[in-house]
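Here is the structure we will look at.
Below, each value reflects all heavy atoms present in this structure, side chains not excepted, and no hydrogens, waters or symmetry copies.
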Amino acid sequence: MVTTERPPSTSRLRAWMLEGLSDMGKGGGHTGPHAEPEPPHQGQRWWRVMCLTGVDYFSTLGYQPGIAALAAGLLSPIATIVLVIVTLAGALPVYRRVAEESPHGEGSIAMLERLLSFWQGKLFVLALLGFAATDFLITITLSAADASTHLVENPHLTQALQGKQMLITLLLVALLGAVFLKGFLEAIGVAVALVGVYLGLNLVVVITGLWHVVTAGHVVTDWSSALTAEHGNVFVMIGVALIVFPKLALGLSGFETGVAVMPHVRGDAGDTEEHPAGRIRDTKKLLTTAALIMSCFLIATSFITTLLIPEKEFETGGQANGRALAYLAHEYLGNTFGTVYDVSTIAILWFAGASAMAGLLNLMPRYLPRYGMAPHWARAVRPMVIVFTLVAFLVTWIFDADVDKQGGAYATGVLVLISSAAIAVTIAARKAGQHGWTVTFAVISVVFLYTTVVNVIERPDGVKIGACFIAGIVLVSLLSRLARAFELRVTSVSLDPMAERFIRDMASRKMRFIANEPDRRDKAEYRDKIEQIRTDNDLPEQEDFVFVEVTVTDPSEFEAGLTVRGEVLHGRYRVLTLESASIPNALAALLLHIRDVTGCTPHIYFEWTEGNPFANFLRFFLFGQGEVAPVTREVLREAEPDRERRPRVHTG
């Protein structure tokens, strides 16, 4: 045999790119940089983990007040109060329930996956993954864009960096990708420092802003007069605030991340993986504390920015566009403090992008390879980092690195995930027989669904980019599954005692199996099948056979273990029965297992499937049955390159 060695550099590059691939995805655990974050029952205190999710959640203060001012104008404080009510009375109870139902960081998508099966379930999960990708990728690009805005608008750097926002944003995204390519270990300590400094600086800005509002009494009077003149009475104001609320949905962005970091929460010493009661309790503390802190800051910042910043400065090109609090920091506390604030904001926004990238690397490898809808290398971190970084480049270019333009897409992703979580917990409460909670969560679901629909109608760019992600994921996933159709995708084979007895008995002679599609399973069915196989293949009557019958369970599943049971029917016919998502894969895996445990080459006999071969292949691809004989042979050919060791397939 002639072999061709790969160049050492190519081998080293491939090994580096796929480092850790063989260890990923085993045991149903996590993949990506969150993989096995801590040994069992260990971790960090909940308030420290809160800072890890806080780099995503709290960093929205960098741009949320400006977006609220653009969306609601003078009504920004009232609309923000509506947002806070929805946060505390809607999103918080939903995700506290998600923490109970999914305590290992899988989130609401895993809850819905458990409720749905077959292809409709897989396609629904792929759609949710599309919106999750929208959420996380826009978090990366929007945070980088806002960080570059803080750089460009800094008085010390305006002249040098003016007009370079796109380049700076792309460089920040590339830097983020480079960090993950080198190897990203989530440093909760760094997150604690960033969040502590950032919230401390924001507290100084808020107190200073409130002081100026109080000391300049005419500011409140002017605002209330303008508000009354524009909207008339308080009921109209509340109505308009409810209408514009969907535009403020970015303020809800941290909850999905909050449950994703659950594996990092220490919990109690008595916690087990099956019942982590302490982890669930402390995660609820994490979610509640983060929501309360953010709610206070949202109300205070929307109030001072609306009253103290001229309306024109919020618009595109204005000094407060995408950086309202930074504008106040420079205006009232001086450029030195303002620059410190800018640096802190840039750091936490960049780290928010890192948190989002880590979320993507957790989410996609958890589902797509398991569905057979991604190449095997998708379980490795570095190739996925390159893919996500390139997509982030494209999104940044499409939106021109503009914070305002990306708000709709970000809000759509956030709202769809929260709506799906609300629906999931409603179903979970109904299954648990909790009527009160079922009604409560159903009402919350309606509120979020309404908000999502309104947001999509008013800002269709969000659902358009989400639809692009969904279409891309579904298309690539189906093509990948088609390309992997002939893989041996059975993870393990186990035989019960009767099945092992059949195999041991046959090992002393020629091992012949008949693939049978079970029908009535009466005596005539097996007798006629043996007679047909003997006639079609010209076999003598003394040849002995064992029947193999596969029942298709969920054909949308890609990988699963195989349990083989043996039974004797009608006092003389030996039958091996098994369940699988695919008949050809199950038969191929069983034959290879028998060959390995006995050292003998098994033979299996089929009859040709009637009908159009292309239609039969589609039946196999979608429903796990159809063109069984040739597909079984092809699966064996790919799994065993050595023709001499390959089990024999006979078709008559």
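Side-chain atoms of T169 and T396 form no donor-acceptor pair, as typed in the model, at a separation below 3.5 Å. Judged by distance alone, the side chains of S445 and T426 do bring a donor and an acceptor atom under 3.5 Å apart.
Between F314 and A324, the shortest heavy-atom contact is CE2-CB, 3.9 Å. Minimum heavy-atom separation, Y198 to G62: OH-N, 3.2 Å. Here the shortest heavy-atom pairing between L172 and W350 reads O-NE1, 3.6 Å. The two atoms that bring S295 and A291 nearest to each other are OG-O, 2.6 Å, heavy atoms only. The two residues A429 and R97 make their nearest non-hydrogen contact at CA-NH2, 3.6 Å. Across every non-hydrogen atom of S76 and T306, the tightest pair is CB-OG1, 3.3 Å.
Not one N or O on the side chain of T283 forms a donor-acceptor pair closer than 3.5 Å with the backbone of M262. Judged by distance alone, with hydrogens and angles left aside, the side-chain atoms of S102 form no donor-acceptor pair with the main-chain N or O of A99 at under 3.5 Å. Using modelled atom types, no side-chain atom of S344 and backbone atom of Y341 make a donor-acceptor pair closer than 3.5 Å. A donor-acceptor pair under 3.5 Å is absent between the side-chain atoms of R266 and the main chain of W46, judged by distance alone. Without hydrogens or angle criteria, E313 side chain to Q319 main chain gives a donor-acceptor distance under 3.5 Å. Without hydrogens or angle criteria, S225 side chain to D222 main chain gives no donor-acceptor distance under 3.5 Å. In this structure a side-chain-to-backbone donor-acceptor pair under 3.5 Å is present from D271 to R279. In this structure a side-chain-to-backbone donor-acceptor pair under 3.5 Å is present from S59 to D56. Proximity of a side-chain donor or acceptor of S420 to a complementary backbone N or O of L417 within less than 3.5 Å is detected.
Annotation: side chain of E315 is not in contact with side chain of N321 (no heavy-atom distance under 4.5 Å). Counting heavy atoms from C-beta outward, I444 and F441 have side chains that approach closer than 4.5 Å. With a 4.5 Å cut-off on side-chain heavy atoms, I78 and L227 count as touching. Looking at F255 and V414, their side chains never come closer than 4.5 Å, going by heavy atoms from C-beta outward.
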For a quick test of your reading: what N or O donor-acceptor pairs under 3.5 Å do the side chains of residues 126-140 make, sequence neighbours left out?
{"from": "T134", "atom 1": "OG1", "to": "G130", "atom 2": "O", "distance (Å)": "2.9"}
{"from": "T139", "atom 1": "OG1", "to": "D135", "atom 2": "O", "distance (Å)": "2.7"}
{"from": "T139", "atom 1": "OG1", "to": "Y410", "atom 2": "OH", "distance (Å)": "3.3"}

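Between E100 and R96 there is no salt bridge, since no side-chain nitrogen of the basic residue lies less than 4.0 Å from a carboxylate oxygen of the acidic one. In this structure, R323 pairs ionically with D342, as a charged nitrogen and a carboxylate oxygen lie closer than 4.0 Å.
Under the 30°/60° scheme for interplanar angles, the aromatic rings of W223 and F303 are found to stand perpendicular.
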